[in-house]
Amino acid sequence: MRYDFSAAEKKWPEKWEGLGASMQADADAKSASPPRDKKFFMHFAYPGISGYQHVGHMRGFSYTDIICRYKRMTGHSVFFPIGTHATGNQALGFASKVKKKDKTWLDYLEANGYPMNEIKKMESVDTVVDYFNKNYQENWRLFGFLADFNSFTCTTYPEYQKFIQWQFRKLNGLGLLVQKPYYATFCPNCGPVAVDPSETDISRGGTAEKHEYTLLKFKLGSDYIVAATLRPETVFGQTNLWADPCQEYVKVKVGNETWICSPQCAEKLSFQKEGVKTIAKTSGSELIGLKALAPGVDREIPILPSKFVDPNVGTGLVTSVPSDAPYDWMALHDLQKEGKHKDIKVIPIIKSRGWGDTAALRICGQMKIKDQNDPRLEDATKEIYKSGFHTGVMNENCGEYAGMPVERAKDQVKEWLISENKADIMYDLSEEVVCRCGGHVVVKLIPDAWFINYADEELTLKSKGHAEGMDIMPGQYKENIEGVLDWFQERACARLGNWLGTPLPFDEKWTIEPISDSTLYPAFYVVSRFVNNGELKTEDLTEEFFDYVFLAKGKGRPAWDKVRKEFDYWYPVDINLGGKEHQTVHFPVYIMNHVAILPADKWPRGIFVNYWIVGKGGKISKSKGGASASPQEAAKRFSVDGLRLYYAHVGSPHTDIEWDEDTAFSYKSHIEGIYSLVHRFKGFDKASSPMDAWLVSRFNTRLKQYTKAMEKYDLRTAVGSMLFDFQRELAWYEKRGGNSKAAKAIVMDWLKCLTPFIPFVAEECWEMLGCKGLVSTQEIPAADETKIDARAELAEEITRSVEQDILHVIRLAKIQPKKITLFVAPAWKRTAWEKARSLGRKTLMPELMKLPELKSKEGAAFAGFLQKKFHELRDIPGEAEEKEALETAAGYLSGKFNSKVEVVLASASKPPKSKNAVPGKPAILVE
RNA sequence: GCGGGGGUACCAAAGUGGACAAAUGGGAUGCGUUUAGGGCGCAUUGGCUUAGUGCCUUCGAGAGUUCGAAUCUCUUCCCCCGCACCA
């Protein structure tokens with residue numbers, strides 16, 4: 001009898017329809033809602049619309065369903081809502097790549113089965129969002145999730161945006177929104193653009209970084225020459241300035257000063273300073289030979305010619321610090337080779353590890369750099385910058401900064417120079433960035449950008465205090481989260497420019513940024529169900545509505561009471577599950593927004609961080625993995641149950657797992673094994689046999705372990721014990737000839753326990769056994785401690801292990817056993833064992849070591865063994881019970897091997913001296 | 001650099017003071033078999049050795065604590081992630 005995976009996967013979701021529904025108002029009609037302490041609200045962090053999902057994504061989602069199914073089957077009412085996150089620029093980028101007819105993008109869509117004759121549609125971002133909203137939900141249904149699909153919402157829906165606007169009014173009311181200057185990447189034609197590796201807004205330069213330059217102002221007559229530097233602390237080593245003799249320079253009015261810089265720089269400055277105006281032209285050749293007053297050292301230094309200065313970088317003028325800047329050193333070196341400026345001496349200023357106090361000279365020598373045109377100067381500069389910054393210390397040439405680490409001196413020197421009006425600040429990009437429109441991206445000062453003030457002391461303190469009491473998994477993240485909450489400072493929460501998102505309610509030219517609009521959203525899931533079923537319209541979602549429902553403020557209306565009741569019933573969230581990428585972004589703001597806005601009894605209770613499934617040597621790449629890693633394709637090959645079991649069991653949820661198809665297949669075959677096992681047990685109908693006591697006891701022991709693990713959300717341990725271990729025990733029962741009706745009943749209970757993990761095959765087996773209804777709606781039984789029979793377990797344990805040992809010996813020795821001897825533990829072990837049962841865990845070791853028999857090395861090891869087994873000790877029967885167990889085993893073995901079986905003490909003169917002879921596990925001799 | 005995580009056998013991955021040459025799965029090898037859809041079952045899988053045993057070597061490297069260390073401490077090497085407006 002073969003198990004038909006695909007038939008089951010098609011059949012059961014239809015029968016499960018509606019099981020995920022969670023409206024308590026509906027439940028009221030049928031039966032009373034479970035009490036509030038039996039409610040369970042769990043969701044996964046809604047995924048961003050970024051493209052097709054793959055097997056890795058389904059991992060965390062599946063955990064959510066497994067846990068929710070378990071809760072539902074243990075008497076809880078469960079709210080498991082779903083949604084997606086489409087704001088930001090990912091979906092937008094997707095559409096624009098289709099529009100650009102980006103080859104890899106089109107191939108990717110095709111590989112994932114998108115109907116290419118409708119490709120045109122995907123040029124619209126709305127279609128992209130709709131398409132993936134549907135696609136993701138299909139995946140979740142395919143994987144058998146009993147989610148509340150009626151709760152579905154998406155961050156671009158108008159009702160969601162109403163909610164976000166309410167949230168931002170609240171934040172503003174609490175004084176948590178602040179405006180301050182921000183330097184944004186900006187296209188003169190399109191406005192602000194995102195510069196990130198995905199290159200959604202731009203066509204080139206995604207890896208560019210935004211650098212803060214210090215503009216050093218060199219007095220030259222009534223004007224200032226400005227030179228940009230990333231290393232203001234090196235002013236003490238300045239020897240000269242560099243200008244390109246072939247370049248144009250300009251004089252610009254900045255405020256009431258006149259600065260000299262490259263025309264490109266003047267353009268950039270115009271975005272960052274008030275009243276910038278070019279008033280005259282000059283040139284490199286005019287500047288060369290002049291002397292200017294160097295800031296910081298107040299010394300006249302000459303302007304010298306060089307070739308490496310780039311008018312596009314900084315100001316197009318460079319201050320020269322030959323001791324620490326390889327370019328400067330080589331340019332100076334080039335001049336001095338021609339016999340010029342021999343009088344300029346390198347001034348050592350920083351001592352760093354490995355490079356001494358003239359780092360630039362050393363590294364150029366070491367790398368054998370010949371002149372200032374050598375491209376390797378770039379690497380040399382990076383290296384010196386890194387080691388200088390992290391390990392450098394200012395030396396005696398640096399005035400009051402002598403002895404200070406560079407790391408600190410850098411900011412202090414900068415502040416000092418600025419306060420003396422000898423320096424200024426300018427931002428620039430590390431490489432050229434070109435906008436999608438072809439415009440040149442610059443950095444623009446936004447004087448009044450909006451930030452959420454996560455640095456607020458009270459909020460941080462309250463959040464940390466609350467996090468302490470939360471159920472945060474894994475523990476390492478829990479220990480960590482306090483630091484993360486502390487680290488959170490003001491965070492820009494709105495942007496100008498082209499984004500999907502909600503307009504900031506009181507300043508609508510701003511669009512709320514995508515992290516900030518996904519912090520409080522679990523609360524909205526309660527509301528979205530009412531929007532989806534038509535009971536609420538978008539226009540009903542007023543400020544008063546949300547105040548009434550979420551904050552119990554105001555008068556409200558009768559229609560709102562129902563919503564508020566739901567909210568009070570479900571909130572707070574019991575578990576928010578999300579991938580490890582959320583640890584420093586989503587989870588902290590999730591906590592802080594709840595703490596800021598909602599009353600304390602609505603603050604979240606738990607966080608579960610799941611790690612990733614990774615491909616060999618890195619992420620499963622959506623573009624690379626293609627269709628073979630898609631959830632649909634994977635479900636076909638490995639089965640849904642197989643994948644769910646794989647996720648739950650293959651490793652800890654809190655560690656990355658390497659995706660391996662062979663392993664996934666093995667889980668699939670395991671599912672088949674379960675099916676055929678149940679099929680065999682189906683016919684069991686005999687009266688109880690002596691084996692039944694054992695099986696019942698084993699099951700209850702497993703059930704106890706399972707329940708304990710599940711309550712801690714330790715899915716791996718639960719399924720390991722209940723599915724894998726108990727399956728083996730069922731097989732042993734069968735092998736020993738058990739075939740009772742009672743065993744069949746155990747299998748039914750067993751199936752219930754497996755249902756959260758492998759619901760499809762569980763339903764199929766449930767039906768096969770002729771049970772009524774759906775196994776998904778059954779109650780998982782509680783372990784019955786009174787059914788745990790240590791004697792029965794011991795007898796079978798001994799029988800099973802001894803049988804295996806004998807088989808092993810027979811195979812190796814190739815003999816037909818005539819006589820089998822079982823050696824029970826020597827008296828001293830038995831004594832220690834009995835004594836250990838009466839001791840506490842802490843006192844066990846010292847007390848045992850007092851026994852003279854345990855003084856030997858072997859004795860100490862045995863004591864250690866007892867300590868480790870401590871928790872099992874009280875389950876292990878005493879001497880009389882063991883004797884009885886051994887007799888049972890002897891009876892079975894003599895029949896099985898058709899030989900005499902004798903039980904003797906291991907202290908008798910015969911072998912073995914084995915450590916194997918311990919209470920509960922005899923050593924053997926086969927003759 | 002700072003912060004966090006990690007390094008276990010052929011590959012993955014359990015394992016936080018004892019009985020651990022180290023679960024489980026994959027792969028490989030062997031045996032059996034009445035083999036539809038990636039057959040199924042059993043065994044072996046650090047070295048030498050015995051039927052059961054014993055010894056040696058091994059959990060990145062080195063040192064230490066301990067009667068006893070994959071596990072605790074220190075030093076060191078290597079890998080991964082985060083460092084902010086990016087989901």
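Letters A, B, ... mirror the listed sequences (proteins, then strands); counts begin at 1.
Note on A:Glu672: nothing from the nucleic acid sits closer than 4.0 angstrom, heavy atoms only. Note on A:Trp450: nothing from the nucleic acid sits closer than 4.0 angstrom, heavy atoms only. In this structure, A:Ser652 reaches the sugar-phosphate backbone alone: every heavy-atom distance under 4.0 Å involves primed, P, OP1 or OP2 atoms, never a base. Within the nucleic acid shown, A:Tyr667 has no heavy atom closer than 4.0 Å to any nucleic acid atom. Using a 4.0 Å heavy-atom criterion, one finds that A:His582 contacts no nucleic acid atom at all. Within 4.0 Å (heavy atoms only), A:Val585 reaches at least one base atom of the nucleic acid. At the heavy-atom level, A:Gln583 lies nowhere under 4.0 Å from the strands shown. Using a 4.0 Å heavy-atom criterion, one finds that A:Glu513 contacts the sugar-phosphate atoms exclusively. At the heavy-atom level, A:Ser518 lies nowhere under 4.0 Å from the strands shown.
When atom types are taken as modelled, the side chain of A:Tyr611 and the backbone of A:Ser652 share no donor-acceptor pair closer than 3.5 angstrom. Judged by distance alone, the side chain of A:Arg716 and the main-chain N or O of A:Pro653 form no donor-acceptor pair under 3.5 Å. Of the possible polar contacts, none joining the A:His649 side chain to the A:Val719 backbone as a donor-acceptor pair under 3.5 Å is found. A donor-acceptor contact shorter than 3.5 Å links the side chain of A:Tyr521 to the backbone of A:Tyr46. Judged by distance alone, with hydrogens and angles left aside, the side-chain atoms of A:Thr502 form no donor-acceptor pair with the main-chain N or O of A:Ile512 at under 3.5 Å.
Relative to the side chain of A:Gln489, the nucleotides B:G25, B:A87, B:A84 differ in distance, and B:A84 lies closest. Among the nucleotides B:G27, B:C40, B:A87, the one closest to the side chain of A:Asp662 is B:G27. Checking B:A84, B:G4, B:G25 against every side-chain atom of A:Asn480, the shortest atom distance belongs to B:G4. Which of B:A19, B:A51, B:A23 sits closest to the side chain of A:Lys829 comes down to B:A19. Of the candidates B:A87, B:A84, B:G25, the closest approach to any side-chain atom of A:Trp487 belongs to B:A84. In this structure, the nucleotide among B:U24, B:A13, B:A84 sitting nearest to the side chain of A:Ile657 is B:A13. Comparing atom distances between the A:Ala861 side chain and each of B:G25, B:A19, B:A13 picks out B:A19 as nearest. The side chain of A:Thr655 lies closest to B:A14, out of B:G26, B:A14, B:A87. Closest contact between the side chain of A:Trp499 and the listed nucleotides B:A87, B:A51, B:A84 involves B:A87. Of all nucleotides listed (B:A14, B:G25, B:C85), B:A14 comes nearest to the side chain of A:Arg716.
Nucleotides B:A21 and B:U76 are separated by 27 Å at their C1' atoms, to the nearest Å. Look at the P atom in both B:G32 and B:C80: the space between them is 48 Å, to the nearest Å. Atom name C1', nucleotides B:A28 and B:A19: the rounded distance is 30 Å, in whole Å. Nucleotides B:C72 and B:G17 are separated by 8 Å at their C1' atoms, to the nearest Å. When the C1' atom is compared between B:A12 and B:G6, the two are found 15 Å apart, to the nearest whole Å. Atom name C1', nucleotides B:G62 and B:C78: the rounded distance is 15 Å, in whole Å. Comparing the C1' positions of B:G82 and B:A87 gives a spacing of 14 Å, expressed to the nearest Å. Rounded to the nearest Å, the gap between the C1' atom of B:A13 and that of B:G26 is 10 Å.
Atom CG of A:Leu807 and atom P of B:A51 are 18 Å apart (whole Å). The distance between atom CE of A:Met849 and atom C1' of B:G68, rounded to the nearest whole Å, is 10 Å. With rounding to whole Å, A:Leu92 atom CG is found 14 Å from B:A87 atom C1'. Rounded to an integer number of Å, the gap from OH of A:Tyr646 to P of B:A12 is 13 Å. Following rounding to the nearest Å, A:Glu661 (CD) and B:G26 (P) show an atom-to-atom distance of 15 Å. A straight line from OH of A:Tyr611 to P of B:C80 spans 16 Å, rounded to a whole angstrom. The distance between atom CD1 of A:Ile613 and atom P of B:G25, rounded to the nearest whole Å, is 19 Å. Between the CZ atom of A:Arg491 and the C1' atom of B:A84 there is a distance of 6 Å, given to the nearest Å.
When each of A:Ile49 and A:Ser666 is assigned the nucleotide of RNA chain B bearing its nearest heavy atom, the one mapping closer to the 5' terminus is A:Ser666. Heavy-atom distances to RNA chain B give each of A:Gly88 and A:Leu866 a nearest nucleotide, and the one nearer the 5′ end belongs to A:Leu866.
Relative ring orientation between A:His57 and A:His54 is described as tilted, the plane-to-plane angle lying within the 30° to 60° band.
When both pairing distances are held under 3.5 Å, B:C2 makes a Watson-Crick or G-U pair with B:G82. Remark: B:G32 base-pairs with B:C40; criterion is Watson-Crick or G-U wobble with both hydrogen-bond distances under 3.5 Å. When both distances must be under 3.5 Å, the Watson-Crick or G-U wobble mate of B:A21 does not exist. Across every strand in view, B:C55 sits in a pair with B:G47 that passes the Watson-Crick or G-U test at under 3.5 angstrom. Remark: B:A14 base-pairs with no nucleotide; criterion is Watson-Crick or G-U wobble with both hydrogen-bond distances under 3.5 Å. Nucleotide B:A70 forms no Watson-Crick or G-U wobble pair with any nucleotide shown, as no partner meets the under 3.5 Å limit on both distances.
Scored by the salt bridge (Lys or Arg N to Asp or Glu O under 4.0 Å) test, A:Asp656 finds A:Lys580 as partners (sequence neighbours excluded).
Ring pair A:Trp510/A:Tyr182: centre-to-centre distance not below 6.0 Å. Checked against the 6.0 Å centroid threshold, A:Phe724 and A:His670 count as a close aromatic pair.
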